[in-house]
**Student:** 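Got a structure here, written out as structure tokens. Questions coming.
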Amino acid sequence: MDIRENVDLSAYSTMRLGGKARYLAEADSETKVKNLVNWARQRSLPVVMIGEGSNIVWRDEGYEGLIIVNKIPGIKVLSEDNDSLTLQAGAGEIWDKVVEWSVKKDLSGIEFLSRIPGCVGGAPVQNIGAYGAELGSVLVELEAYDTNLNKFVTLASKDCAFAYRTSRFKTVDKGRFLITAITLRLIKANPKPPFYESLQLYLDEHKIRNYTPKNIRQAVTEIRKIKLPDPSVVANNGSFFTNPIISHAEFERLQKKYPDIRGWPAPHQNLSGAVGNRIAERQVFGAGPRDDGRVKISAGWMVEQAGFKDVHDQQTGMGTWWGSALVMINEKAKTTADLLAFKQKIVAKVYEMFGIMLEQEPELLP
Ligand code: EPU
């Protein structure tokens, strides 16, 4: 086993910050995962599994344990019928390669999730979502090493507690499961509108009326190019805050003070997933028949109103992206303390103006 010692973690987060890992090793098979977990257990060391580090903020203290970098490859077809195809992808595979593969085969289900950075294994952790689609709605099951039971297990989608940008892997069972593969069911049909507002606008502006998975992927790619910096060029973790979900009463209170505030009916708990979100996110609050009182409001809009769009903070070396205030960027920060200090400036100002406490989206590990 090739286990490295005292490894600089900034190379393992697209925010490029963090201390050192006591030990770090790559695993390209389930057997290697198991052997590495056993190695750590014999030394009473904790274990964390990561992919590309696209959604990870490491602490300056580093990690006094073993980090396993998931490199398990592969995309294979498990079954296929007239209407759908079920595939399994190794957790170390680059997520966008799986999307590209599916779109080439004219399959629908994950084309809205095009160009999301990172690996397959990270996708279920924060239930990746974009343009009205969420991983949770196409995921059938996943394979993981359960560090409580010391064996590989299969978890069905309904047992993953998927919700907006979260799952059991990020909450109650944080750190327990080392995800090694996911199974997705994709359909052999074109996606149907209603689509997410900005996506529909793009399609209309470009006179694209043939809603094929390929056309949707191309549109999402173009929109993302403007809104989100490429992490290989500009250090960032994508959206740094989640969009808060608040009560109707609170939304009305905010609307009185800020008539331009944007809100969408938050999806019903039992209607989560692609269709529920697509309907919810398309309708500006009040226009829809399905509102259950909860409203999802735009964190990006609030951060922009708070004066933090295209900001370059000299004190911390951090900033926000010109195309979206929701994306924090590391321009020349040296430590995670710098990042947290800049984040605090944003959180405090937004709280002062709106009375809303923003929550961090990327995981602060361990
Ligand atoms: N907005 C602003 N100013 C900004 C950014 C956004 O006013 O600086 C407004 C927009 O005008 C729009 C609303 O906020 O009215 C929503 O903006 P957008 O559609 O760009 O989406 P978002 O809320 O900024 C979310 C996801 C993204 C995802 C997009 C598209 C979260 C935390 N973020 O961003 O996901 O790509 O929707 O579906 O839910 C990520 O998680 O890393 C990520 C990039």
Side-chain angles (χ1 to χ4, degrees), residues 13-15 52-57 95-96 99 110-118 122-137 162-167 170 194-202 216-217 219-231 234-245 258 260-264 266-267 272-274 276-285 295-311 319-329 346 350 353-354 356 358-363:
S13 159
T14 53
M15 197 57 107
E52 292 270 290
S54 315
N55 211 44
I56 297 176
V57 177
W95 168 256
D96 198 54
V99 180
I110 52 176
E111 63 277 30
F112 298 91
L113 308 179
S114 287
R115 303 284 164 180
I116 293 182
V125 178
Q126 77 262 26
N127 186 20
I128 56 168
Y131 305 99
E134 267 180 14
L135 179 81
S137 60
F162 289 129
Y164 166 63
R165 282 302 192 283
T166 193
S167 70
K170 209 178 165 180
F195 297 131
Y196 191 83
E197 203 180 343
S198 59
L199 176 59
Q200 189 65 57
L201 269 175
Y202 180 95
I216 297 289
R217 175 173 168 80
V220 167
T221 300
E222 290 305 314
I223 301 170
R224 286 187 75 97
K225 264 189 206 159
I226 297 168
K227 295 257 175 196
L228 300 155
D230 177 350
V234 178
N236 79 95
N237 281 145
S239 297
F240 202 81
F241 301 103
T242 49
N243 288 323
I245 295 174
Y258 302 100
D260 294 340
I261 191 163
R262 306 218 59 197
W264 296 264
S272 67
N277 284 334
R278 228 175 275 161
I279 294 167
E281 293 191 348
R282 187 168 174 266
Q283 294 160 340
V284 173
F285 185 77
V295 187
K296 195 196 256 186
I297 55 170
S298 162
W301 183 85
M302 288 191 288
V303 175
E304 183 173 347
Q305 300 305 304
F308 282 97
K309 192 173 190 170
D310 197 13
V311 157
T320 49
W321 185 238
W322 61 266
S324 170
L326 203 50
V327 180
M328 258 167 56
I329 55 175
I346 298 177
V350 167
M353 286 176 69
F354 301 94
I356 302 264
L358 289 180
E359 283 184 23
Q360 180 168 329
E361 203 276 313
E363 282 198 281

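Every number for a ligand or one of its atoms is a count from 1 in the order of the listing.
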**Student:** Less than 4.5 Å apart, any side-chain heavy atom of W95 and any of I110?
**Tutor:** yes

**Student:** Examine the proximity of ligand 1 to Q126 and report which part, side chain or backbone, both or neither, has a heavy atom under 4.0 Å away.
**Tutor:** neither

**Student:** For atom CD of E359, decide whether the heavy atoms of other residues, nucleotides or ligands shown that lie under 6.0 angstrom number more than 12.
**Tutor:** no

**Student:** Heavy-atom contacts with Y164 under 4.0 Å: which atoms of ligand 1 show up? List them by number with element.
**Tutor:** 31 (C), 32 (C), 39 (O)

**Student:** Short question: side chain of N127, backbone of G136 - any donor-acceptor pair under 3.5 Å?
**Tutor:** yes

**Student:** Evaluate the side-chain proximity of F162 to S137: yes if any heavy-atom separation is below 4.5 Å, no if none is.
**Tutor:** no

**Student:** Within a distance under 4.0 Å of any heavy atom of S324, pick out the atoms of ligand 1 and give their elements.
**Tutor:** 5 (C), 8 (O)

**Student:** What are the two closest heavy atoms between A133 and F112, and how far apart are they?
**Tutor:** CB-CB, 3.6 Å

**Student:** T242 versus ligand 1: do any nitrogen or oxygen atoms come within less than 3.5 Å of each other?
**Tutor:** no

**Student:** Go through ligand 1 atom by atom and flag the ones less than 4.0 Å from a non-hydrogen atom of G238.
**Tutor:** 42 (O)

**Student:** Under 4.0 Å, counting heavy atoms only: does Q305 come that close to any atom of ligand 1?
**Tutor:** no

**Student:** Is any side-chain heavy atom of V303 less than 4.5 Å from a side-chain heavy atom of L358?
**Tutor:** yes

**Student:** With a 4.0 Å cut-off on heavy atoms, does W264 reach ligand 1?
**Tutor:** yes

**Student:** Relative to atom 17 (O) of ligand 1, which among Y131, W301, Y196 owns the nearest non-hydrogen atom?
**Tutor:** Y196

**Student:** Using distance alone, determine whether N243 and ligand 1 share an N or O pair under 3.5 Å.
**Tutor:** yes

**Student:** With atoms numbered from 1 as shown, which atoms in ligand 1 lie under 4.0 angstrom from a non-hydrogen atom of L228?
**Tutor:** 44 (C)

**Student:** Can you confirm, on distance only, whether ligand 1 has an N/O atom lying under 3.5 Å from any N/O atom belonging to N237?
**Tutor:** no

**Student:** Would you confirm whether R115, through its side chain, and R224, through its main-chain N or O, come within 3.5 Å as a donor-acceptor pair?
**Tutor:** no

**Student:** Begin with the C-alpha distance, continue with both residues' side-chain angles, and end with the deciding distance and a verdict on salt bridge (charged side-chain N to carboxylate O under 4.0 Å, His left out) for E222 and R217.
**Tutor:** CA-CA 9 Å; E222 290 305 314; R217 175 173 168 80; over 6 Å; no

**Student:** Is it the side chain (CB and beyond), the backbone, both or neither of R165 that lies under 4.0 Å from ligand 1, heavy atoms counted?
**Tutor:** side chain

**Student:** Taking the side chain from S239 and the backbone from F241, do they hold a donor-acceptor pair closer than 3.5 Å?
**Tutor:** no

**Student:** Any non-hydrogen side-chain atom of Y164 less than 4.5 Å from a side-chain atom of N243?
**Tutor:** yes

**Student:** Going by the order shown, which atoms of ligand 1 are within less than 4.0 Å of some heavy atom of A325?
**Tutor:** 4 (C), 8 (O)

**Student:** At a 4.0 Å threshold, what atoms of ligand 1 neighbour a non-hydrogen atom of S298?
**Tutor:** 1 (N), 9 (C), 13 (C), 14 (O)

**Student:** Using a 4.0 Å cut-off to any heavy atom of A130, which atoms of ligand 1 qualify?
**Tutor:** 36 (O), 38 (O)

**Student:** Could you tell me which atoms of ligand 1, counted from 1 in the order shown, lie closer than 4.0 angstrom to a heavy atom of R224?
**Tutor:** 36 (O)

**Student:** Indicate whether the side chain of N237 and that of T14 have a donor and an acceptor atom separated by less than 3.5 Å.
**Tutor:** yes

**Student:** Look at atom 43 (C) of ligand 1 and find which of G300, G323, G129, S239 reaches it with the closest heavy atom.
**Tutor:** S239

**Student:** F241 near ligand 1, heavy-atom distance under 4.0 Å?
**Tutor:** yes

**Student:** What about F354 and Y258, are their ring centers closer than 6.0 Å?
**Tutor:** yes

**Student:** Identify which of I223, L326, D310, I128 has a heavy atom lying nearest to atom 22 (P) of ligand 1.
**Tutor:** L326

